[in-house]
Amino acid sequence: MSVESVLESIQTSALGVWMRDTLPAMQVVEATHVLAAVVVLGTVLIVDLRLLGLADSSRGLTRISRETLPLTWIAFAIAVVTGSLMFTTSAEVYFANPAFRLKAIALLAAGLNMVLFQLVTARGIADTGAPPRSARIAGLLSVLLWTAVVLLGRWIGFTKGYDFTIPPDVDLTIAGALM
Amino acid sequence: MRPFAEWLSGTYPSVAIQTTFWFIRLLQATHLVTAGIACVSGIMLALRALEWHRADQPFPAVWQRYAPWLGLSLGVMVVTGVAQTLGDPVREFTATSYWVKLALVLISIAGTLALARTLRASPPVGLRPSAKLFAAALIVFWLAIVMLGRMIGYDLAIWGDLSLRT
């Protein structure tokens, strides 16, 4: 089974058709996706600022993670569900979109950074006090990657021309934007 | 409102924003990221008021942690929001979501300040049940602000006959 046929079967599925044809399903799902994504970013930032030593230095890292990350996971789960629903509407278009691919890479990198931090870096650092360099690097990477995820997500909207009139002579590809 | 919006869209600052295409992207992206920071900061303060977040810390300490981020991100949101409005006044002023969002921003700021005023009092006082209910409503308002921002582009689909674009 080729990638093209999988993508085609996704967007011709009953769910894909319903999402495309039912007002205001796509609009509500997209707004919810945006909300979930920025809540992920905002809550991750709370932990990252602690890792960077810019906030909460007297509060234990474990404690901050425990009181913040449940919200992150809830928002992340909502973002995954709503993102998947959005994908069903135009799977082929999304898959071919450079901004979508870059977002997927940034998302994977952010997840990998999180896993590496939990399994390797976090084991060797003290819970309170100034964070070591490894924790600062993990925190900085996390801030950059999650911000990239949100911005690239917004870029997908720009390249699909969702919400404002695009001048006909404007090249909406990333290559066009970088020229 | 529409005649005013149409006049505004022909003014020099509006045309300058409309014709600088990358600037609109930059404004929207910056607005979105700062909306996330403002939303989460506001929610964390409301959760603390409800004693569901950092209940072991006194409210003034939690306020000191989140209020600067809330204030700063709201400041950036106002600047980027005004510029976006100037860049496409007809789209913004004719959207019901835009006006509901603005109202909720004002209510949420005033509500957060009112909660903080009560909870930063010395000696510490507890919140009345009605104030706790309001703190819970503030969480919904902060979430709604972000969603409504995205819904401005889809006003007719979302609001139907209630859309100001009808």
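Within every chain, numbering begins at 1; the chains are lettered A, B, ... in the order of the sequence lines, protein sequences first and strands thereafter. Computed from heavy atoms alone, side chains included, the values below leave out hydrogens, waters and symmetry copies.
If you measure heavy-atom distances from W69(B) to chain A, the contacts under 4.5 Å come from the side chain alone. Using a 4.5 Å cut-off between heavy atoms, L148(B) makes no contact with chain A at all. Using a 4.5 Å cut-off between heavy atoms, D56(B) touches chain A through its side chain atoms alone. With a threshold of 4.5 angstrom between heavy atoms, I46(A) approaches chain B through its backbone and through its side chain. For chain B, the nearby parts of L35(A) are the backbone and the side chain; heavy atoms of each come within less than 4.5 Å.
Counted by atom type alone, T11(B) and S14(B) present zero donor-acceptor pairs between their side chains at under 3.5 Å. Residues E92(A) and Q11(A) have side chains that bring a donor and an acceptor to within less than 3.5 angstrom of each other.
Between M114(A) and S142(A) there is no side-chain heavy-atom pair separated by less than 4.5 Å. Annotation: side chain of I145(B) is not in contact with side chain of C39(B) (no heavy-atom distance under 4.5 Å). Within the 4.5 Å cutoff, side-chain heavy atoms of L143(B) are placed close to those of V39(A).
With chain A as the partner, the residue from T30(B), V33(B), L32(B) showing the most heavy-atom pairs under 4.5 Å is L32(B). Interface check for chain B: of the options R59(A), E67(A), R63(A), the most heavy-atom pairs under 4.5 Å are formed by R59(A). Ranked by non-hydrogen atom pairs under 4.5 Å with chain B, the options V40(A), I64(A), L49(A) are led by L49(A). Considering only heavy-atom pairs separated by less than 4.5 Å from chain B, the leading option among L23(A), L151(A), T147(A) is L151(A).
The main-chain N or O of R54(B) is found under 3.5 Å from a side-chain atom of R48(B) such that the two form a donor-acceptor pair.
Within the model, atoms CH2 of W155(A) and CZ of F158(A) stand 8.0 Å from one another, a figure rounded to the nearest 0.5 Å.
V44(A) is connected to L71(A) through a chain of hydrophobic side-chain contacts under 4.5 Å among Ile, Leu, Val, Met, Phe, Trp and Tyr, so both are in one cluster.
Alongside V78(B), the hydrophobic cluster contains V82(B) (criterion: ILVMFWY side chains under 4.5 Å).
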Given the rule in the side chain to side chain contact (heavy atoms under 4.5 Å, CB included) test, do R2(B) and F93(B) qualify, once you have shown the distances and angles that lead to the verdict?
-> CA-CA 7 Å; R2(B) 185 177 274 274; F93(B) 287 159; over 6 Å; no
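For residues 159-166 of chain B, an interface with chain A (any heavy-atom pair closer than 4.5 Å) does not exist.
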